[in-house]
Every structure is written in C-alpha cells, then in structure tokens.
Amino acid sequence: MAVVNRESGQVTGGNAPQAAEQFIIGPYAPVVEADGKGMSWTNLEVQDAPAAFPRLGTGAHRVFSSRDEASGLSLRYHVQMQESLPVGLLWCNLVNESPRAVKVSRINLLHCTPGGVALASEGRLRVFLDTGGLMGSGTHDVRVPKASHAAHGAFVLAQPDGNWATSLSFATFETAAVTTSMPTDDGCAPQQFEAICDYPNGYVLQPGATLQSEVFSVGTYSGGNEALTAWADTVMAVNELDPPRH
C-alpha cells in the first residue's frame, strides 16, 4: 500500500493488510539536489495514467505532479501498484521548465526522516545486501548498533521465523548510481530509509528536457529466496529482457 498526502507531498508505504506486523516506511518525500540546492514539492495534483511496464501485467498507476516556481523544475512522481503481483513501483520524472540548464546531482526517491521505519518487532530479522562488488555483500543481522545496511543492487529484509520478506530494491540501472540505505542507531533500530539516484558528474538538464529517475520496486513475499527471485523477475520485466540461455 501507498498513501500519498497531496498537501504535504509526503508518502507512507507498507505491506497490506498487516503492515504494522511487518513494515511501514514513512512519511517520506522525494528530494532533488540541483545546482547545489535541495528541493521538495508540496500541493501535488493527481492524475490517472496507463500502467507502465506491460510485462508485469495490469496495475493501478497514479502520477502526482507539482512545480517549483523558484527553479522552474516540475516533479512528476509515479506510484504504480500491480494487480496480480505483490509489487509496487516508484519513480519520478524531473522536467526543466526554466529557460536555463540545470545540473542535477541527486534524486532521492524515498527521503525518510529519522524514526520513519517500523519493522516486524518479533523474532530474528536479516538483511541481504548486494553491494555491487564492494565489501559487505551477503546476509547480515539487521538489529546491530550503528550498521550502515546499504546496497547498490538487491536489498531484501527477511524474518526467517515469521515466513515473510520484503524486497526494497531498484529495478533499473540506466543513468544513475543507485543506493538503498537503512542505517541503524545506537539501539539497533532502523534510523531512516533512503532510495537514492546519484549523478556523480552532474546530469545537465537542458530547458524543456526531462530526466527520469531509476525505477524502485517494493515487494512482499513468504521468504528471502522468493523475494530475490521475484526481484530478478521484476528487473527482467521492467527492462524487457529475455531470460539468459543458461
């Protein structure tokens, strides 16, 4: 489920119908860093849109839009919930409606303030991190003090004793360096959650041009291995890739 507060521009997401027993993230807001400044959007207008990524099947697709008058940048925030799959997709389009070029350094799709993560409170909780070939890949205990818990590929939370898992992972990797991050505090509790698209050299957005962020996927499953398999299927479908021969 995703609940969008149009007035504040904030979103709260979680798995339904028993979100409180498993996970809730939010409220969070998309935040963009451009020309050295951070900005977010409020007073969102909503419109229905055809479901994207047809290989995933039908879904409910909403676009929430707003314009920042000072910069001339418009945000179109996409939320899509699949009908036959336990998957939600998030992405945004950043449109430069100003007469000058803008350099974008970061799009944070899920900028969550500290304390904005609630996870299953009972039992063991593990996280699988794909760090993109860097140190730290593999499975780890979630509830350890001051852990970084960051991934550049798949990010899966799993509760082996509770038979549930959730994939919180990017599904495209086209123009940005992506990071899913959930650090913990001194008390081992998740501190915040972020899904970040970085543009290390800056993406120059010309007047009238549009920059689409990477697509972030959220899915809930009965176990960690199923979550990883389903994430791979989502990546294949969103990018219209065929299965490898071997």
Side-chain angles (χ1 to χ4, degrees), residues 13-15 22-26 28 31 86-91 106-200 213-239 241 244:
N15 60 307
Q22 298 184 22
F23 79 94
I24 300 174
I25 298 175
Y28 62 83
V31 175
V87 174
L89 302 174
L90 305 170
W91 71 97
R106 171 174 288 191
I107 297 176
N108 194 336
L109 282 174
L110 283 81
H111 177 66
C112 186
T113 57
V117 182
L119 301 176
S121 58
E122 303 273 335
R124 196 162 49 108
L125 198 61
R126 304 279 288 172
V127 61
F128 173 84
L129 304 173
D130 173 6
T131 63
L134 302 177
M135 294 181 62
S137 287
T139 58
H140 310 271
D141 288 325
V142 170
R143 296 188 177 99
V144 293
K146 288 191 172 299
S148 59
H149 294 331
H152 305 299
F155 183 107
V156 173
L157 293 169
Q159 190 182 39
D161 301 331
N163 296 320
W164 76 268
T166 180
S167 171
L168 302 160
S169 312
F170 279 94
T172 65
F173 311 89
E174 296 182 4
T175 58
V178 298
T179 303
T180 303
S181 174
M182 191 187 73
T184 61
D185 59 19
D186 291 334
C188 305
Q191 188 176 15
Q192 63 185 115
F193 188 89
E194 294 183 302
I196 299 168
C197 299
D198 273 319
Y199 305 89
S213 75
E214 306 301 343
V215 178
F216 188 76
S217 66
V218 181
T220 304
Y221 309 95
S222 60
N225 290 334
E226 182 187 351
L228 280 171
T229 302
W231 167 73
D233 289 341
T234 300
V235 171
M236 299 287 283
V238 168
N239 294 280
L241 300 174

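No hydrogens, no waters, no symmetry mates; every other heavy atom, side chains included, goes into these values.
The distance from atom OG1 of Thr184 to atom CD of Gln191, rounded to the nearest 0.5 Å, is 8.0 Å. Remark: Thr180 OG1 to Ile196 CD1 distance equals 8.5 Å, nearest 0.5 Å. Atoms CZ and NE2, from Arg106 and His111 in turn, are 10.0 Å apart once rounded to the nearest 0.5 Å. Taking CZ of Phe23 as the reference point, atom CG of Leu125 lies at 11.5 Å (rounded to 0.5 Å).
Under the ring-ring contact (aromatic ring centres under 6.0 Å, His included) criterion, no residue pair touches residues 124-149, with sequence neighbours excluded. Residue pairs that meet the salt bridge (Lys or Arg N to Asp or Glu O under 4.0 Å) test with at least one member in residues 144-155, sequence neighbours left out, are Lys146-Asp186.
With sequence neighbours excluded, no residue forms a salt bridge (Lys or Arg N to Asp or Glu O under 4.0 Å) with Asp161. Residues meeting the side chain to side chain donor-acceptor pair (under 3.5 Å) test with Asn163, sequence neighbours left out: none. With sequence neighbours left out, Ala151 forms a side-chain contact (heavy atoms from CB on, under 4.5 Å) with Leu129, Phe155. Evaluation of the side-chain contact (heavy atoms from CB on, under 4.5 Å) rule for Ser137 yields Asp130, Thr131 as partners, not counting sequence neighbours. Glu226 pairs by the side chain to side chain donor-acceptor pair (under 3.5 Å) definition with Ser222, not counting sequence neighbours. Annotation: salt bridge (Lys or Arg N to Asp or Glu O under 4.0 Å) contacts of Asp185 (sequence neighbours excluded): none. Shown here are the side chain to side chain donor-acceptor pair (under 3.5 Å) partners of Gln192, two or more places apart in sequence or in another chain: there are none. Listed by chain and residue number, nothing satisfies the side chain to side chain donor-acceptor pair (under 3.5 Å) test with Ser213 (two or more places apart in sequence, or in another chain).
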Next on the checklist: Test side-chain contact (heavy atoms from CB on, under 4.5 Å) on Arg126 and Asp141; report intermediate values, then the result.
Outcome noted: CA-CA 5 Å; Arg126 304 279 288 172; Asp141 288 325; 2.8 Å; yes
Item to check | Derivation of the side-chain contact (heavy atoms from CB on, under 4.5 Å) call for Val127 and Met182 | outcome: CA-CA 10 Å; Val127 61; Met182 191 187 73; 5.6 Å; no
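Residues Gly153 and Ser169 approach most closely at O-CB, 3.9 Å, considering heavy atoms. Residue Cys112 comes nearest to Gly26 through the heavy atom pair SG-N, 3.9 Å, listed as atom of the first residue, atom of the second, then distance. Taking each heavy atom of Val156 and Ala165 in turn, the nearest pair found is CG1-CB, 4.3 Å. The nearest pair of heavy atoms linking Leu168 to Phe216 is C-CZ, 3.4 Å. Closest approach of Cys197 to Val178, counting heavy atoms only: SG-CG1, 4.3 Å.
Here the side chains of Leu109 and Tyr28 are not in contact, with every heavy-atom distance at 4.5 Å or above. Side-chain contact between Ser148 and Pro183: absent, with no pair of heavy atoms (C-beta onward) separated by less than 4.5 Å.
For the pair Asn239 (side chain) and Thr172 (backbone), a donor-acceptor distance under 3.5 Å is absent.
Side-chain polar atoms of Ser181 and Thr179 form no donor-acceptor pair below 3.5 angstrom.
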Listed pairs under 3.5 Å, donor-acceptor, residues 228-236 side chains, sequence neighbours left out:
residue	atom	partner	partner atom	Å
Thr229	OG1	Asn225	O	3.0
Trp231	NE1	Phe170	O	2.9
Thr234	OG1	Ala230	O	2.9

